[in-house]
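Proteins get letters first, then strands, A, B, ... in listed order; numbering begins at 1 in each. The model shown is predicted, which means the values in this text are computed figures rather than measured ones.
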Amino acid sequence: MRKITYTQATMEALQEEFRRNDRVISMSNDISVELREEFGEERIRLTPISESAFVGAATGLAGSGFVSVVDLRMATFAFVAMDQMVNQMAKITYMFGGQAKFPVLLRMSIGAGIHMAAQHSISPYSMYMNVPGLKLIVPSTPYDIKGLLKTAVRDPNPVICFEHSALAMVTGEVPEEEYTLPFGKADIKREGQDVTVVALSQMVHEALAVAEAMEKQGVSVEVVDPRTLVPLDSQTIKKSLAKTGRFVVVDEACRTCGAAAEILAQVAEDDEVFRKLKATPQRVCGIDIPIPYSPPMENYAIPDRAKIAAAVNKVLGR
Amino acid sequence: MRKITYTQATMEALQEEFRRNDRVISMSNDISVELREEFGEERIRLTPISESAFVGAATGLAGSGFVSVVDLRMATFAFVAMDQMVNQMAKITYMFGGQAKFPVLLRMSIGAGIHMAAQHSISPYSMYMNVPGLKLIVPSTPYDIKGLLKTAVRDPNPVICFEHSALAMVTGEVPEEEYTLPFGKADIKREGQDVTVVALSQMVHEALAVAEAMEKQGVSVEVVDPRTLVPLDSQTIKKSLAKTGRFVVVDEACRTCGAAAEILAQVAEDDEVFRKLKATPQRVCGIDIPIPYSPPMENYAIPDRAKIAAAVNKVLGR
Amino acid sequence: MAIDNQELIRMYRTMLTIRRFDERASKEFRGGSGTVPGLVHSYIGQEAIATGVCFNLRLDDRIVSNHRGHGHLISKGADVRRMMAEIFGKKTGYCKGKGGSMHIADFGIGILGANGIVAAGLPIATGAALAAHLEGGDKIVAVFFGDGATQEGEFHESMNLASIWKLPIVFVCENNQYGVNTHYKYAVAGGSIPRRAKAYNMPVRSVDGNDVVAVYEGAKEVVARTREHIGPYFLEFKTYRWSMHFESDAIPDMRPKEEIEAWKKKCPIVRFGKKLLKMGVVTEKDLADINDEVMAKIQDAVDYALESPLPAPEDALEDVFSV
Amino acid sequence: MAIDNQELIRMYRTMLTIRRFDERASKEFRGGSGTVPGLVHSYIGQEAIATGVCFNLRLDDRIVSNHRGHGHLISKGADVRRMMAEIFGKKTGYCKGKGGSMHIADFGIGILGANGIVAAGLPIATGAALAAHLEGGDKIVAVFFGDGATQEGEFHESMNLASIWKLPIVFVCENNQYGVNTHYKYAVAGGSIPRRAKAYNMPVRSVDGNDVVAVYEGAKEVVARTREHIGPYFLEFKTYRWSMHFESDAIPDMRPKEEIEAWKKKCPIVRFGKKLLKMGVVTEKDLADINDEVMAKIQDAVDYALESPLPAPEDALEDVFSV
Ligand SMILES: Cc1ncc(C[n+]2csc(CCOP(=O)(O)OP(=O)(O)O)c2C)c(N)n1
Ligand SMILES: Cc1ncc(C[n+]2csc(CCOP(=O)(O)OP(=O)(O)O)c2C)c(N)n1
Ligand SMILES: [Mg+2]
Ligand SMILES: [Mg+2]
């Protein structure tokens, strides 16, 4: 199968969905020349640097029969529009008793590794997970982002897609034929017998590298990529655990109240899983610090393969 | 000892700290007449409805040698100032390499039960817990809020105080003499032997009521109130668990990625605690829905005594 | 005056419906009988504005409202039964009891919802106006907000966005002079809201908000121009809120007593009633009949709300997502 | 011209220092040798503004800067060694390598920090101005931001707040005409930023941002007035950014090539140098000497940065909270 980059897969997804439905409209203060050329300035709209206005406008547009696609760029920029996401977009379907649909896709970049410090680097999905009414996706491969973005554009609800900056140039197999991927369906990125490692976004790749290295040591690691955080496919995670009995969750985001806490909690509070746990479940997360600028500190702030391997070894009692 | 309300205790804390340090300045778009009369309009400042501006101004003021106290009222309103809290206040001590102090106290009301629906009811502390650089307090009694608020005003860092609306009229013993309470020190609100119940904010009172009721059934429940979420006193929680081996955490906030997930994760991932757990740990949380308006649904959305009792019974195997 | 008599009477009836609706909703809340569980922000005193503006709108035009929204909804044609039921927290309410007073919407007749966050409706309305623009045609949007909302960043961004994109939207500022207890002359630098709108390159009109005919006439031209889809318009109406910020003593009313009394003398309904009498459009008897009719309608709404079932607790689980 | 010759030469030297600093920082980044790990937003082309404004400020005045901050910092007196070290991510940098180019601060000399979020410095600066107001005296604050920042809600709220509280702050808008690739005439409704400032009841002055003497003179009066603590002032400087938005091809520069070239001809440093020559303040030799001196200073800063140690990984754990 052909290989394309994460960025190319993203672009294909948007192009296909814009072609499929001419009521899909995009807004951003940094527009794609490629999309603009194909779909024109009415549909690919250049905004002022006014995130609250255009995120809110996305809601109003969606509630009026269109589909809104917004690129906020860095996830840190999104905080200036937080009211429109948390108080408005997430809640109005509910508050209005379900009488209208709000199909909005918001995209934002996450993650450390770009040496731009704390105001440009964050992985804030868990903040949104605590806000019911938003669907949240964290695609880790070109294949996943293409399929999930296409589903997102067709979903009648607000969806936030968190795209790790480090993934942009990652390549992967993507079929020529059209496909979509369902929300709430985890992907077992690698099968294994001894340990279940749940990893998110860019950390999927780190976990896979560790799994490969450990294979040589005779350890069989199963890597589960939830792909969507809301809805979260805990069934697949629990099924994997029923097999392995050993659990590690890897997330780049800050440890405290991160998605990893939730995933670990869901595992630990489940009677059946709890009974089968052969070792204390482990989190491998970003340290609770703002992302620092200088690479030695920045690298230290987030999980690396050594830390993942250490956690895997720990649950294996090695 | 004299009894006063939570609101009165709050007022006393502020009055005392404003008297103690004339560089303490408050800003809000809804000011206290009492404070204004005593401290004047220069110190008790009436703002426009411009939360980003006055929360940001609080940071600039604090970075210039003053102490800022801001009342944001409802926690939902705070989202319009999220950039100033999350990108600025929380991070600039760190990003500037620790060269300046930013003593800011932000207060906001949380919780359901006021029948004002989702845009006025939320318990969003876990969102802030994922943002390093903010200290977070959730006082549940008049005694606690007075002591913790006084500490907060003297802390050289941004502190957010989350005050549950339902606590305003709750009374409790508060000494006449001055005192402060340390951050990071949980309070065992009730000692017990069989089950550890960690409860937050208003849920402390519900947990205590359940503990009292269960006492009559011969069950001895220990109720631990962390009082501050950042820093979190996990030692006290773990010590309690070493004794009881049974764990329930109760939080009104939405379940997914709430503070309860973090507290449960900290318990479950600790080797020593994990080994001593006699039953699957349990969360009793708000349901993952925006807070609905109508009381039957609103009450249903958050934990009640029956749900807490059920969880306690479950970990007891009853 | 070019407004036909039937239209004038309909306007009067609408204003009175708003008045009686909010009197009743407030009374039910204050009565403490639990019929109205949540706060009510009364529109009393401002009835001429919603009425005069919405009488220029078509069913397919859209409005976005704010926390003080009952008047906007009634003027746009919302069903008072389903409104009252919502405020009573009943399953038959517009939002099945999930929203309450501050979140009533009726997408079927272009009411895109009230809003509990100051100024947050403006970006949403701007998006609805973008929809109208993209649809072509001559549909428009009107968004209602107070003087207080002009202090928020979302106001600024929306005004700017609507202006540069030349969207078909009327920004309706109900300047009742206070945001809770704060006078706009204190909180709005320069003390002029229209001046601000002009800085966004938007045409502006300021009209007496207590004179429904002036409101209607002013809005008429503005709406007609906006239907041409050549850009937004800003309308400021000076008015006054009679009641406290909301119907509860949680926040005391600090406005000068004499000021409140003086404005009550400028009652938009009494004034309009007198005008209609003077014009010979109605008799005293007609006005009394209208009042009876409106009272009956409100009573019917209350009865409907009272008789309606409360939602079941588990109903709370529905509508988080659309399917 | 009432500026004394030594002052004029100091200003020239400051402008050139900024220029050489950003040329070198950009080169180091583009060189890809890893000396500069993170992005650099070059101030080249805008040197006259920071210089002309900050030469009117005292050490105890405060400034707040933005993402394009090197010029502001150098003009206010920041140490180029510690700046360069910060940009190189070294432990000896202003922020111990935690902030990088967009987050340099020096509280000791009134630099309250650069900022990576558009317009987010304005509320912070407003708070610093509140401090100056409360302290009494004649200290002031200057906040630097671009045309793009005027599109954000935080701009609006800060302008309003500073105005109603009559705070001693100068809002310095560096209108380099683009926010990344978006022209302000597209993104700012009405196309006039001063007009907007006036709507907040703020006095405004628009000055050629490429003429350092005009900047200095304009700012002088404005700063003097602001020192009286009678309210804020708004200064707009029209100028142009020579480089791409930041020193990376991640975002292509879409501005017209001819426009860029035309503005390069208006180089504020060349222009000022010619003026100084014409005035007889300096000779060609003096200018060459200044350049050598500045080049040496920048080389020294680079050497310092190169020789400085990187932070240890665990240093990351410090400074989350003050004690
Ligand atoms: C972001 C935000 N801040 C504060 C509030 C609390 N609040 C509700 S209404 C109101 C006053 C609004 O004044 P105005 O816009 O003039 O409307 P009015 O109440 O006068 O009709 C305030 C401060 C809120 N709902 N949202
Ligand atoms: C809230 C926010 N939105 C978007 C960005 C991305 N961004 C960084 S600088 C910039 C352009 C700013 O333009 P302007 O204020 O004119 O400053 P200039 O770069 O021209 O000096 C943008 C959009 C950001 N940093 N913060
Ligand atoms: Mg008002
Ligand atoms: Mg610019």
Side-chain angles (χ1 to χ4, degrees), chain C residues 117-124 126 129-130 145-169 171 173 178-179 182-204 206 230-234 236, chain D residues 117-124 126 129-130 145-169 171 173 178-179 182-204 206 230-234 236:
Chain C
I117 302 295
V118 170
L122 280 82
I124 297 171
T126 303
L130 173 57
F145 54 94
D147 46 296
T150 69
Q151 300 153 30
E152 287 282 4
E154 297 194 28
F155 163 82
H156 172 76
E157 296 187 9
S158 305
M159 294 283 288
N160 189 51
L161 190 64
S163 183
I164 69 166
W165 284 352
K166 299 194 167 50
L167 300 179
I169 176 169
F171 289 93
C173 179
Y178 289 87
T182 306
H183 201 281
Y184 82 103
K185 296 248 174 182
Y186 170 80
V188 174
S192 163
I193 295 170
R195 185 166 160 201
R196 232 166 242 195
K198 281 180 203 145
Y200 300 99
N201 211 28
M202 225 178 266
V204 183
S206 274
I230 52 176
Y233 216 112
F234 193 89
E236 183 203 37
Chain D
I117 303 296
V118 170
L122 280 81
I124 295 171
T126 303
L130 174 57
F145 54 93
D147 46 296
T150 70
Q151 299 153 31
E152 286 283 4
E154 297 195 29
F155 163 83
H156 171 76
E157 296 187 10
S158 305
M159 294 283 288
N160 188 50
L161 190 63
S163 182
I164 68 164
W165 284 353
K166 302 194 166 46
L167 300 179
I169 176 169
F171 288 93
C173 180
Y178 289 86
T182 306
H183 201 280
Y184 82 103
K185 297 248 174 185
Y186 171 79
V188 174
S192 163
I193 294 171
R195 184 168 162 201
R196 230 166 242 197
K198 281 182 203 143
Y200 300 99
N201 210 28
M202 225 178 268
V204 183
S206 274
I230 52 176
Y233 216 112
F234 193 90
E236 183 203 37

| field | Parallel, tilted or perpendicular, as decided by the 30° and 60° cut-offs, for the rings of D/Phe155 and C/His156 | value |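 Ring orientation, 0 to 90° scale: tilted.
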
| field | Counterpart residues, side-chain contact (heavy atoms from CB on, under 4.5 Å), relative to D/Pro232 (two or more places apart) | value |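 For D/Pro232 the side-chain contact (heavy atoms from CB on, under 4.5 Å) partners, ignoring immediate neighbours, are D/Ala162, D/Ser163, D/Ile169, D/Phe171, D/Met202.
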
| task | With sequence neighbours left out, write down each residue that passes ring pair (Phe, Tyr, Trp, His ring centres under 6.0 Å) with D/Tyr184, or none if nothing qualifies. | result |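 Residues passing ring pair (Phe, Tyr, Trp, His ring centres under 6.0 Å) with D/Tyr184: none at all.
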
| field | Heavy-atom pair of closest approach, residues C/Ile164 and D/Val188 | value |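 Nearest pair, atom of C/Ile164 first, then D/Val188: CG2-C, 4.1 Å.
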
| request: Rounded to the nearest 0.5 Å, what's the gap from CD on D/Gln151 to CG on C/Leu161? Could you check? | output: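 CG of C/Leu161 is found 10.0 Å from CD of D/Gln151.
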
| message | To the nearest 0.5 Å, what is the distance between CZ on C/Arg196 and CE on D/Met159? | response |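 Reported to 0.5 Å precision, the distance equals 9.5 Å.
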
| If you count heavy-atom pairs under 4.5 Å between each of D/Ala199, D/Ala187, D/Ala189 and chain C, which one has the most? |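 Among the listed options, the one with the most contacts to chain C is D/Ala189.
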
| Distance-only, no hydrogens or angles: does the C/Glu157 side chain make a donor-acceptor pair with backbone N or O of D/Gly153 under 3.5 Å? |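 Side chain of C/Glu157 to backbone of D/Gly153: a pair is present.
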
